[in-house]
K.L.:
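Take a look at the following structure, please.
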Amino acid sequence: MPDAEAAGRYAGAVDEALDRLADVGFEFGPDFAMHAPMAAEALVTLDHPDAVPSWIELNLRRRRSYAPPPPMEPIPDDDPVARRAALGDYRRVTDWVAYFDRRLAEGPWRDVVVEWWPVLLDGAFAAFTHGLIRTAHAVRILRTAPEPSGLQLNELARGLAYWAARFAPVRGPGGGAGEIPVTLGARVPVERVAAALSELTVVNAGLYAEYAPRPPVPAVHTVTAPAAVRLVLPILPEELWPPTYAAAEALAAQVWAVSRGFAARGAPLPEGDPPGVDRLVEDAVDIGEEHAIKLAEACRREYALRPDPRYLAAAHTLNVNCRHEGGI
């Protein structure tokens, strides 16, 4: 965790970005998530807060968001059946934001996340994993900031709301849609979850670099979604760690299954070792593509825990592919 002064600078930069994005919708196409809040937070984490204002302006020109649906009816506090019925109904996303805003105003934000995490985990494929990822970035904001601001709490509400409204079941090992089998999580005991997450992210980073898919973006989430899980793990009770890892594992497998359905193997990358971490980050920031920024941040963070060159190779692969595709 940063010291108090650094945490204050981080919180101020994030709040400026969230204020600028207050009226931005959740998507720029049906089920295509707006990444601006996540990527802006990643830029600040990567020590590039000065790049955020211009990046937001450019991103909003590239990704003109759809206005969210108008409110329909409040999500009830006292009717779990009605709440369950509203999961996966994107028409209710504004209702879900209001629900989570209210819950976060009533009690500690950690309690709300812990309560809803196992519910939403079954639908973690929501918006191609972006409900989970946006929630995780919001959790990091609140874990890092000295005191939660209204903008930060609202960003968590939006992440949870988007996840709830785009709720989509994770497919288990057998390939059928439905709840993740408990036996999957039971394979990894609590004390092994952190190491298993490292193994999961590094294996998928290596596969991404080897496969170098075109289009380059979808398979990136085999790394960024499990890496996002790590951001939330510290606030979860330990009994939720094994099923959370199980979801991350199944989620990565599902992303690969979907991505390989339409992605082609890309051209081989130039021979030689990828650049170092700092250069990869600078390249991603220079390219400006939201997934390049987010993957660079995730790989830098995972590499710090397990210095494996496959993380560098994955970030380099996406950077090269993004340059080939014109930065989009």
Side-chain angles (χ1 to χ4, degrees), residues 27-29 31-43 45-46 55 59 62-63 124-137 170 197-198 200-231 247-267 269 274-275 277 280-281 283-303 308-328:
E27 298 182 339
F28 64 93
D31 213 23
F32 283 86
M34 280 294 294
H35 290 67
M38 298 174 273
E41 188 276 336
L43 279 170
T45 298
L46 290 170
W55 182 88
N59 187 260
R62 288 176 172 173
R63 314 286 195 223
F125 200 64
F128 210 77
T129 77
H130 289 101
L132 182 154
I133 295 174
R134 183 165 180 176
T135 297
H137 279 268
V170 179
L197 272 175
S198 287
L200 181 62
T201 57
V202 79
V203 166
N204 283 307
L207 287 172
Y208 182 84
E210 177 186 353
Y211 193 68
R214 294 182 187 272
V217 164
V220 164
H221 301 93
T222 63
V223 180
T224 54
V229 162
R230 194 187 299 280
L231 298 176
E249 185 182 88
L251 199 58
Q254 188 171 350
V255 171
W256 272 124
V258 173
S259 298
R260 285 181 165 165
F262 59 81
R265 184 181 291 274
L269 291 173
V277 173
L280 288 169
V281 168
D283 286 348
V285 174
D286 180 60
I287 292 164
E289 203 281 333
E290 51 262 57
H291 293 89
I293 292 167
K294 289 169 59 196
L295 183 63
E297 188 280 317
C299 285
R300 186 181 78 161
R301 174 162 39 89
E302 292 291 305
Y303 184 83
D308 190 299
R310 285 174 285 183
Y311 292 121
L312 309 184
H316 183 50
T317 298
L318 181 57
N319 286 345
V320 170
N321 278 340
C322 281
R323 288 197 189 280
H324 179 81
E325 300 286 341
I328 302 299

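Keep in mind the model is a prediction, meaning the values are calculated, not measured. Only this structure's heavy atoms are used, side chains among them; waters, hydrogens and symmetry mates stay out.
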K.L.:
Check whether any side-chain heavy atom of Glu210 lies under 4.5 Å from a side-chain heavy atom of Thr317, and answer yes or no.
P.N.:
no
K.L.:
How many angstroms lie between CG in Asn319 and CD1 in Ile287, if you round to the nearest 0.5 Å?
P.N.:
4.0 Å
K.L.:
Hey, what do you get for CE (Met38) to NE2 (His130), rounding to the nearest 0.5 Å?
P.N.:
5.0 Å
K.L.:
Measuring from Arg62:CZ to Phe28:CZ, what's the distance to the nearest 0.5 Å?
P.N.:
11.5 Å
K.L.:
Heavy atoms only: give me the nearest Ala248-Leu197 pair and the separation to one decimal.
P.N.:
CB-CD2, 4.2 Å
K.L.:
Nearest 0.5 Å, what's the CZ-CG distance between Arg323 and Asp283?
P.N.:
5.5 Å
K.L.:
Would you sort out whether Asn204 and Trp256 count as a side-chain contact (heavy atoms from CB on, under 4.5 Å), showing the intermediate values?
P.N.:
CA-CA 9 Å; Asn204 283 307; Trp256 272 124; 2.7 Å; yes
K.L.:
Give, for atom CD1 of Ile293 and atom SG of Cys322, the distance between the pair rounded to the nearest 0.5 Å.
P.N.:
9.5 Å
K.L.:
How close do Val170 and Gln254 get, heavy atom to heavy atom, and via which atoms?
P.N.:
CA-OE1, 3.4 Å
K.L.:
Side-chain contact, heavy-atom cut-off 4.5 Å: Thr129 with Leu251?
P.N.:
yes
K.L.:
What verdict does the side-chain contact (heavy atoms from CB on, under 4.5 Å) test give for Glu249 and Val229, after you've listed the backbone C-alpha separation in whole Å, the side-chain angles of each residue and the deciding distance to 0.1 Å?
P.N.:
CA-CA 11 Å; Glu249 185 182 88; Val229 162; over 6 Å; no
K.L.:
Could you check whether the rings of His221 and His35 sit parallel, tilted or perpendicular, using 30° and 60° as the cut-offs?
P.N.:
tilted
K.L.:
Looking only at atom types and distance, does a side-chain atom of Trp55 sit under 3.5 Å from a main-chain N or O of Gly288, one as donor and one as acceptor?
P.N.:
yes
K.L.:
Taking Arg301 for its side chain and Ala227 for its backbone only, find out whether a donor-acceptor pair lies under 3.5 Å.
P.N.:
yes
K.L.:
Heavy atoms, side chains only, cut-off 4.5 Å: are Glu302 and Val223 in contact?
P.N.:
no
K.L.:
Hey, are the side chains of Val220 and Lys294 touching, using non-hydrogen atoms and a 4.5 Å cut-off?
P.N.:
no
K.L.:
In the structure I gave you, are the side-chain heavy atoms of Leu295 and His291 within less than 4.5 Å of one another anywhere?
P.N.:
no
K.L.:
Can you find a pair of side-chain heavy atoms, one from His137 and one from Pro37, that are under 4.5 Å apart?
P.N.:
no
K.L.:
Taking the side chain as everything from C-beta on, heavy atoms only, tell me whether Thr135 gets closer than 4.5 Å to Leu132.
P.N.:
no
K.L.:
Can you tell me how far the OG1 atom of Thr224 sits from the CD1 atom of Ile133, to the nearest 0.5 Å?
P.N.:
4.0 Å
K.L.:
Would you tell me whether Glu297 and Thr45 have side-chain atoms, one donor and one acceptor, within less than 3.5 Å of each other?
P.N.:
no
K.L.:
Can we call the ring centroids of Tyr208 and Tyr211 under 6.0 Å apart?
P.N.:
no
K.L.:
Are any non-hydrogen side-chain atoms of Leu200 and Arg230 less than 4.5 angstrom apart?
P.N.:
no
K.L.:
Search all heavy atoms of Pro274 against all heavy atoms of Ala313 and return the closest pair with its distance.
P.N.:
CG-N, 3.9 Å
K.L.:
For a quick test of reading the model, state the closest non-hydrogen atom pair linking Ala314 to Ala209 and the distance between them.
P.N.:
N-CB, 3.9 Å
K.L.:
On a heavy-atom basis, which atom in Ala252 and which in Pro226 lie closest, and how many Å separate them?
P.N.:
CB-CG, 4.3 Å
K.L.:
For Val202 and Tyr303, what are the C-alpha separation, side-chain angles and deciding distance, and is it a side-chain contact (heavy atoms from CB on, under 4.5 Å)?
P.N.:
CA-CA 9 Å; Val202 79; Tyr303 184 83; over 6 Å; no
K.L.:
Ignoring hydrogens, what is the shortest heavy-atom contact between Asn321 and Pro216? Give both atom names and the distance.
P.N.:
CB-CB, 3.6 Å
K.L.:
List the steps, then state whether side-chain contact (heavy atoms from CB on, under 4.5 Å) holds for Asn59 with Met34.
P.N.:
CA-CA 9 Å; Asn59 187 260; Met34 280 294 294; 4.2 Å; yes
